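The structure under discussion appears below in the form of structure tokens.
Throughout, residue positions are numbered sequentially from 1 according to the sequence presented. What you see is a predicted model; the values in this text were computed from it and never measured.
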Amino acid sequence: MQSKTVSDLLNQDILLQEVEVKGWVRTFRANRFIALNDGSTINNIQCVVDFENFDEALLKRITTGAAIYVKGDLVESQGKGQTVEIQVKELDVLGDSDPETYPIQPKKHSFEFLRENAHLRTRTNTFSAVMRLRSALSFAIHKYFNENGFYYMHAPIITGSDAEGAGEMFQVTNLDVANTPKTDDGKVDYAQDFFGKETNLTVSGQLEAETYAMSLGKVYTFGPTFRAENSNTSRHLAEFWMIEPEVAFMDLAGNMDLAEDFMKSVINYVLENNKEDLEFLDKRLADEDKKKPQAERSPMGLIEKLNFVTENNFKRVSYTEAIDILRNSKPNKKKKFKYIIDEWGADLQSEHERFLVEKHFKCPVILFDYPANIKAFYMRLNDDGKTVRAMDILFPGIGEIVGGAQREERLDVLKEKMAAIDIPEEDLWWYLDLRKFGTAVHSGFGLGFERLVMFATGMSNIRDVIPFPRTPQNAEF
């Protein structure tokens, strides 16, 4: 007989059949009722033991966290909370769990405590739900691009320069740090390093993806990226995942169309396929909100927020129009914003983005045509000479979630922009080649995967949506 998953059994129509299941004990009550979970669903299956038929020494080993094998009859449940249960005929402990030292006991644990036990935290309902949703979102992303004619490209993780202008990169070297070779002028001699030059971990696969878009047409990257930013906020990780599509012959309007359709598609996927996990997390968020002052509560529940994205058209607003709206808004005039908007050219903060989405337009917003001096060098300069063809998607509760642009395809303009911020042409000779040999309009965007998982799960700390968070002074596990 083949073992079934708990999910299979809970959805089973045929009762009074003999079944086998393996999993981990959540609780064992009254020496009779085992709540068993195997990670396939947020729900446990109840296994009912007639303790008179089993050895007492065996039953003492049925503790929280123990791995067990159960064989018995699947029957209609007599108790509340489940439709079916297993009347146990055979029972075996596959792996013991010492109740004195097992950290994930059946009680409420702080998220900080669970981060310290990240190797076991997916044994809890919250983290098993979050990680199943992370997996589903990952699959939905690949599914969307595959069904829309994109090719998956693996961008390099090791890069030869900080061409993206991001700074704060992790250096890659095999030089002896205790005895670093030096040049005659006292600088590190990277010619003796493994790659013969200074190298770092990538902060983005975008520039390399552009090269493939200009031959394969439609490509996307989905891989790890790294930022050596010494930040301990709830929104920053040193290692995170990025999704970056790039499309040849597509302008900014096409880029906005693609990004809106993509975001709606992946969120729709989890709404349809992860109902139980979302319902659990929705309730968790509502319970947490009840403990907060009214002013700090979420304006929408989790599932309501996801439907808000999928059921509304995204409003497209120029940066200039958005600045006018914000400047004349009540929170700005009454100085309720932490960052007051008083002039064109200001970099918008999360509070401004959320005001536009949640209060003013009451739908997701795409801002476009940003001031050139607050955006990256590779974004296409508009004819006004002041703005670039950039776009950001703003969601409720989080603000910016997607950032993208039409890329600068004109060689002379790109060279001028690089010179203005001291990016040497020799560092990006290959990127400039794309503008020499068959240049064309092209566009793309970037989505930080963990930001998406936070939005889809309602989790407020980015450390809680990645299996093993990497942050300053923390590389455990």
Q) Who pairs with Phe368 by ring pair (Phe, Tyr, Trp, His ring centres under 6.0 Å), at least two apart in sequence or on another chain? A) none
Q. Which residues satisfy the salt bridge (charged side-chain N to carboxylate O under 4.0 Å, His left out) test with Glu353, sequence neighbours excluded?
A. none
Q) Among pairs that include at least one residue of residues 303-319, which meet side-chain hydrogen bond (donor to acceptor under 3.5 Å, both in side chains), considering only residues two or more places apart or in two chains? A) Asp257-Arg316
Q.
As an exercise, state the distance from CG of Asn53 to CG of Leu59, rounded to the nearest 0.5 Å.
A. 10.0 Å
Q. Between Tyr220 and His142, does the ring centre distance come in under 6.0 Å?
A. yes
(Q) Pairing donors with acceptors under 3.5 angstrom, does anything connect the side chains of Glu246 and His442? (A) no
**Q.** Distance (rounded to the nearest 0.5 Å) between Met391 CE and Lys375 NZ
**A.** 10.0 Å
Q. Do Arg134 and Ser138 have side-chain atoms, one donor and one acceptor, less than 3.5 Å apart?
A. no
Q. Which pairs, with at least one residue in residues 58-68 and sequence neighbours excluded, count as a side-chain hydrogen bond (donor to acceptor under 3.5 Å, both in side chains)?
A. Arg61-Asp96
**Q.** Arg32 side-chain N/O to Phe51 backbone N/O, donor-acceptor pair under 3.5 Å
**A.** no
Q | Asn232 side chain to Arg463 side chain, donor-acceptor N/O pair below 3.5 angstrom | A | yes
Q.
Going by side-chain contact (heavy atoms from CB on, under 4.5 Å), name the residues that satisfy it together with Val441, two or more places apart in sequence or in a different chain.
A. Asp251, Gln406, Glu409
(Q) Just checking Phe127 against Phe111, ring centres under 6.0 Å apart? (A) yes
Q. Do Val203 and Thr225 have side-chain heavy atoms sitting under 4.5 Å apart?
A. no
**Q.** Stepwise side-chain contact (heavy atoms from CB on, under 4.5 Å) test for Phe314 and Val309
**A.** CA-CA 8 Å; Phe314 293 12; Val309 168; 3.9 Å; yes
Q: Report yes or no: do Tyr378 and Glu210 form a side-chain donor-acceptor pair below 3.5 Å?
A: no
Q: Assess whether atom NZ of Lys218 is packed by more than 12 heavy atoms of other residues, nucleotides or ligands within 6.0 Å.
A: yes
**Q.** Distance-only side-chain donor-acceptor flag, Asp8 / Thr5, under 3.5 Å
**A.** yes
Q) Do Glu276 and Thr41 have side-chain N/O donor and acceptor atoms under 3.5 Å apart? A) yes
Q. Can you pull the ring pair (Phe, Tyr, Trp, His ring centres under 6.0 Å) pairs that have at least one residue in residues 246-276, sequence neighbours excluded?
A. Phe139-Tyr269, Tyr144-Phe262, Phe145-Phe262, Phe262-Phe445
